[in-house]
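Quick caveat: nothing in here was measured; it's all calculated off a predicted structure. Order of appearance sets the numbers: ligands from 1, and atoms from 1 within every ligand.
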Amino acid sequence: MKTIAVLPAGSVSDEAVKRLFAIEGEEMNWKHHRLIADVFMSTVNGISDYSVVPIENTIEGSVNLHVDWLVHEVDMPIQAEWVYPSIQNLIGRASEAAGEDGGLDFSKIKKVISHPVAIAQCLQFLRNELPHAEIETVGSTSEGVKIVKENPGQGWAAIGTMTAAANNELDVLSQGITDHDNNFTRFLLVGPEPFTARQSEAQKTSVLITLPEDFPGALHQVLAAFAWRKINLSKIESRPTKKKLGNYYFYIDIEMALDTVLLPSALEEIEALGCQVRILGTYPSFTYEQLK
Ligand SMILES: O=C(O)C(=O)Cc1ccccc1
């Protein structure tokens with residue numbers, strides 16, 4: 001039985017990983033952690049086999065804190081990626097937000113608590129509907145819902161999943177409040193062993209490339225090494241190396257497994273240019289449709 005470290009029950013991550021492992025005959029042991037740092041450390045310390053990391057969102061783009069953990073704090077390969085919709089809801093007590101006319105009056109909600117990514121997904125809603133409310137960030141959406149549950153009578157609300165609302169016996173004050181439809185999150189499964197519970201034709205490899213200093217056109221040559229081999233890149237993003245202001249590495253997702261001849265030769269060519277190449281993993285990629 002595999003042990004999986006993930007944010008608390010009822011979080012988007014928890015719902016998402018249960019979808020990935022909804023396979024007949026697979027039994028899992030879940031370890032819930034309040035903070036993403038502890039989710040990572042659980043596998044680093046050998047307590048869990050895999051950690052679940054929300055890495056990118058349709059609205060927000062990369063979750064930089066999580067990318068940085070993956071790159072700077074731990075050295076664990078990515079073993080799978082999958083996509084899961086993140087549907088957010090305003091959760092609280094209808095009795096605390098009751099208007100004079102019997103409907104809901106959001107002006108009675110004094111504070112909204114949630115994960116920063118969930119707040120970012122609902123900014124317009126918050127601006128339009130609860131402009132007066134204080135915003136508080138916590139380690140996960142489900143933690144916010146739990147805090148609301150434990151503090152009745154305060155006029156507090158949380159942004160979270162329907163599962164978290166049900167788990168905590170709270171009311172859904174507004175359903176589906178993200179500013180854009182089609183709001184999906186890409187999750188990574190990281191850990192020492194390959195993920196073999198499901199197969200996918202789509203394979204990806206993620207690498208970090210650091211360019212040599214004082215080499216005009218280096219990025220162009222890196223991209224050329226992929227381009228002339230017709231290797232598809234699905235993402236390229238620069239992030240600070242944290243060593244010196246203005247120094248960056250490139251985080252690149254390649255739509256190909258590392259076992260094909262083409263990709264190792266492209267990476268060799270890039271190293272020959274004087275670039276540093278670090279492989280973050282080569283792994284299967286699952287769409288939401290594949291997991292339904
Ligand atoms: O806080 C959660 O529920 C998470 O799993 C992190 C998150 C938050 C918002 C969108 C996707 C993941």
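Not a single heavy atom of S142 sits under 4.0 Å from any atom of ligand 1.
Shown in contact with S13 at under 4.0 Å from a heavy atom are these atoms of ligand 1, numbered in order with element: 4 (C), 5 (O). Each of the atoms 9 (C) of ligand 1 lies under 4.0 Å from some heavy atom of A118. Here is the list of ligand 1 atoms found below 4.0 Å of a heavy atom in L7: 4 (C), 5 (O), 6 (C). Listed by atom number, the atoms of ligand 1 under 4.0 Å from S140 heavy atoms are 1 (O). Of all the atoms in ligand 1, the ones that sit under 4.0 Å from a non-hydrogen atom of Q88 are 9 (C), 10 (C). For ligand 1, the atoms closer than 4.0 angstrom to any heavy atom of V117 are 9 (C), 10 (C).
A salt bridge links K111 with E136: the closest approach of a Lys/Arg side-chain nitrogen to an acidic carboxylate oxygen falls below 4.0 angstrom. We find that K146 and E150 are joined by a salt bridge, their nearest charged nitrogen and carboxylate oxygen being less than 4.0 Å apart. A salt bridge is absent between E134 and K110: the closest approach of a Lys/Arg side-chain nitrogen to an acidic carboxylate oxygen does not fall below 4.0 angstrom. Comment: K204 engages E81 in a salt bridge, judged by a side-chain N to carboxylate O separation of less than 4.0 angstrom. The pair E193-K2 counts as a salt bridge, with a side-chain nitrogen and a carboxylate oxygen less than 4.0 angstrom apart. We find that E213 and K244 are joined by a salt bridge, their nearest charged nitrogen and carboxylate oxygen being less than 4.0 Å apart.
The proximity of T185 to ligand 1, defined as any non-hydrogen pair under 4.0 Å, is limited to the side chain.
Closest to atom 10 (C) of ligand 1, if we only count protein heavy atoms, is Q121 NE2, 3.6 Å. Ranking the protein heavy atoms by distance from atom 3 (O) of ligand 1 puts T141 OG1, 2.5 Å first.
At least one N or O atom of V12 sits closer than 3.5 Å to an N or O atom of ligand 1.
Looking at H66, E56, H115, E143, it is H115 that brings a heavy atom closest to atom 8 (C) of ligand 1.
The structure places CD of E237 at 8.0 Å from OH of Y249, a figure rounded to the nearest 0.5 Å. Rounding to the nearest 0.5 Å places CG of L188 at 6.0 Å from OH of Y283.
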